[in-house]
Number of protein chains: 2
Amino acid sequence: MAQNYYAHEPKYNVAVDCIIFGFEEGKLQVLFQHRNIEPFNGELTPLGGFVQQDETLEDAAYRVLTERTGIEKLFLEQLEAFSEINRDPGGRVISVAFYALLNKADYDKSLMDQFNCKWLNIDNLPTLYFDHMKMLKKAVVRLQDKITYTPIAMKLLPEAFTLGQMQRLYEAILNESLDKRNFRKKVCDMPYFIKTDKIDKSGSRRGAAMYTFDYDKYNEQKLFHM
Amino acid sequence: MAQNYYAHEPKYNVAVDCIIFGFEEGKLQVLFQHRNIEPFNGELTPLGGFVQQDETLEDAAYRVLTERTGIEKLFLEQLEAFSEINRDPGGRVISVAFYALLNKADYDKSLMDQFNCKWLNIDNLPTLYFDHMKMLKKAVVRLQDKITYTPIAMKLLPEAFTLGQMQRLYEAILNESLDKRNFRKKVCDMPYFIKTDKIDKSGSRRGAAMYTFDYDKYNEQKLFHM
DNA sequence: TCAAAAGTGTTAAGTTTACACCCATGA
DNA sequence: TCATGGGTGTAAACTTAACACTTTTGA
């Protein structure tokens, strides 16, 4: 930077906090880690960290996520900046919240211990500190909204999935039960869901057809509605 | 603050930029000011400023708006944080974009000259600097979305308005024409729009009935759909 | 008297919802 | 053979979209 015209203006620590969603055994889950700095050392928090000089906010969020999950390809989106003056008793920090979706099959479990991370079901959360509960609620609402008009929920599933898995995922996120026939009709009416000849026998004796989502075709038209 | 645990982490200038919408003569407008600092001194930018020590982001946005428009009651909502490393050639600044809606009838025109401010029609904008065009586009999309399921557009109108004015406002924001009978049916079917006995003769010889929006009733149920 | 905006209903098309039984299989 | 999840169609209710003429009045 040749010069800085704003040297007299105040400066702040800036952090990112990432609400990371996963899905397993019919439950929507969120990834937490035990904090390793004061204050609240040892308590559970969403994955976060301070933004470094050479990083955008998105870079920082992506770095935090990949270094602690091993996943390089995931959905990551900004939620909102949180700036209450005393939101962090450890010092003034402006934190930008993100949410991310990842397929737990890709998740590197060995990093979990190394970074003291832990998946928790969304319906059974502990006390959260700072404004982390606000961030989490905002993330859930955004996710509930967004899965109805974009296919981001598929990021929480393996590449091939059954319609039953997909319906249980939507039910877990929306926190309501859906009609099986109407659900399948809507899905199959969209040209992006491709039935493969693979059969998943893990969930039932009969076995269920596995589908994939055709992102190329989706990107041409982007007509999605659930 | 008793102590600061994060003293070794990097710090940044943090700013707010406000995309302020107004509506007049059937046109959606945005408020700009001539920048009074380097770089780009004199060029048009959205209203913005640096976040001060005793302020949240929302406080800063609200301060910038009220000091330069004279309006104290307006709709203000966070859009997104922008953090590209070289987004501002004057120094590294992380900027949080907001958008706001105001009724131009309440706007203090004398402040306009004092702060070098200027309303421009959305369909006739000049070159914008930094990432201000991105912010503006984001604001427009958010506004287009949000007026279909909340009554925020009414913040752009005087307290009493005609259905014609309201339709022209929706058309200006959505950038498409709407069917008059369907529009009026939807509006009048909602119990929040109250027909007054005032007649606005300014827009036609015949005169049009003026309506108000009942926010109390809306806050009880919040069922709004356009 | 006419130009200009206000005001007003109906019908067809499309979408959403509700609902119940048979199928295939492994244990 | 039976328990379990997979798979399938239709009709009613509701919502959305398309469409044209009469009214009022000031200039």
Side-chain angles (χ1 to χ4, degrees), chain A residues 23-27 144-145 147-149 157-158 160-172 174-212 221-226, chain B residues 23-27 144-145 147-149 157-158 160-172 174-212 221-226:
Chain A
F23 179 67
E24 196 161 6
E25 289 170 15
K27 295 282 193 179
Q144 289 175 332
D145 258 30
I147 61 169
T148 68
Y149 61 91
L157 294 173
F161 50 86
T162 69
L163 297 184
Q165 281 166 13
M166 183 179 163
Q167 183 174 345
R168 285 186 292 277
L169 172 60
Y170 269 76
E171 289 175 334
L174 298 174
N175 198 27
E176 65 183 18
S177 57
L178 303 171
D179 181 275
K180 183 165 55 154
R181 276 178 290 188
N182 293 337
F183 184 87
R184 297 164 95 96
K185 209 185 317 160
K186 262 194 235 169
V187 170
C188 295
D189 281 354
M190 283 187 272
Y192 317 126
F193 289 90
I194 310 299
K195 188 174 188 168
T196 69
D197 50 11
K198 274 185 262 174
I199 303 290
D200 174 16
K201 298 283 241 176
S202 69
S204 67
R205 308 199 193 290
R206 175 178 174 175
M210 300 188 79
Y211 288 74
T212 57
Q221 291 220 13
K222 302 208 176 196
L223 303 176
F224 184 98
H225 189 67
M226 289 298 295
Chain B
F23 179 67
E24 196 160 9
E25 289 169 15
K27 295 282 193 180
Q144 288 174 333
D145 258 30
I147 60 168
T148 67
Y149 61 91
L157 294 173
F161 50 86
T162 69
L163 297 183
Q165 281 166 13
M166 183 177 162
Q167 181 173 348
R168 285 187 292 277
L169 172 59
Y170 269 76
E171 289 175 334
L174 298 174
N175 198 27
E176 65 184 17
S177 57
L178 302 171
D179 180 275
K180 181 164 57 152
R181 277 178 288 188
N182 293 337
F183 184 87
R184 297 164 94 96
K185 209 184 315 161
K186 261 195 236 168
V187 170
C188 294
D189 281 354
M190 284 189 270
Y192 316 126
F193 289 90
I194 310 299
K195 188 175 189 167
T196 70
D197 50 9
K198 274 183 262 174
I199 302 290
D200 174 15
K201 299 282 243 178
S202 69
S204 67
R205 307 201 194 290
R206 175 178 175 176
M210 299 186 80
Y211 288 74
T212 57
Q221 291 221 11
K222 303 206 177 198
L223 302 176
F224 184 97
H225 189 68
M226 287 299 296

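Naming convention: chains lettered A, B, ... in sequence-line order (proteins, then strands); numbering from 1 in each chain. Please read these numbers as outputs of a predicted model, since none were measured by experiment.
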So, for A:Phe183 and A:Tyr170, is the gap between ring centers shorter than 6.0 Å? yes

Heavy-atom closest contact (A:Leu223 atom, A:Met190 atom, distance): O-SD, 4.1 Å

Rounded off to whole Å, could you give me the CG-to-C1' distance for the B:Asp189 and C:dG9 pair? 12 Å

Which atom names give the shortest non-hydrogen contact between B:Ala172 and B:Gly26, and what distance separates them? CB-O, 3.7 Å

Roughly how many Å is it from CZ in B:Phe183 to P in C:dG9, rounded to a whole number? 18 Å

Per-helix bend value, the helix from C:dT1-D:dA27 to C:dA27-D:dT1, C1' rotation axes over five pairs per end, 10° rounding, shows 0°

When you measure from the side chain of B:Glu171 to the backbone of B:Leu178, do you find a donor-acceptor pair of N or O atoms at a distance under 3.5 Å? yes

Could you tell me whether A:Glu176 atom CD has more than 12 heavy atoms of other residues or ligands within 6.0 Å of it? yes

Rounded to the nearest angstrom, tell me the gap between atom CD1 in B:Ile199 and atom C1' in D:dG26. 16 Å

Rounding to an integer number of Å, can you tell me how far A:Met226 CE sits from C:dT15 P? 15 Å

Atom-to-atom span, NE2 of A:His225 to C1' of C:dT17 - whole angstrom: 13 Å

Produce a footprint string for nucleotides 18-27 of chain C: one letter per nucleotide, 5' end first; B if the base is under 4.0 Å from any protein heavy atom, S if only the sugar-phosphate is, - if neither. BBB--BBBBS

From CD of B:Glu176 over to P of D:dT16, roughly how many Å is that when rounded to an integer? 14 Å

Listed by chain and number, what are the side chain to side chain donor-acceptor pair (under 3.5 Å) partners of A:Lys27, not counting sequence neighbours? A:Asp123

Distance, nearest 0.5 Å, that separates CD1 of B:Ile199 from CG of B:Asp197: 8.0 Å

Between D:dG6 atom P and A:Tyr211 atom OH, what is the distance in whole Å? 12 Å

Are side-chain heavy atoms of A:Met226 and A:Val187 found at a separation under 4.5 Å? yes

Between C1' on D:dG9 and NZ on A:Lys186, what's the gap in Å once rounded to a whole number? 17 Å

Presence of B:Arg184 side-chain N/O under 4.0 Å of C:dA6 phosphate oxygens OP1/OP2: no

For the pair B:Phe161 and B:Phe193, name the ring-plane relationship: parallel under 30°, tilted 30 to 60°, perpendicular over 60°. perpendicular

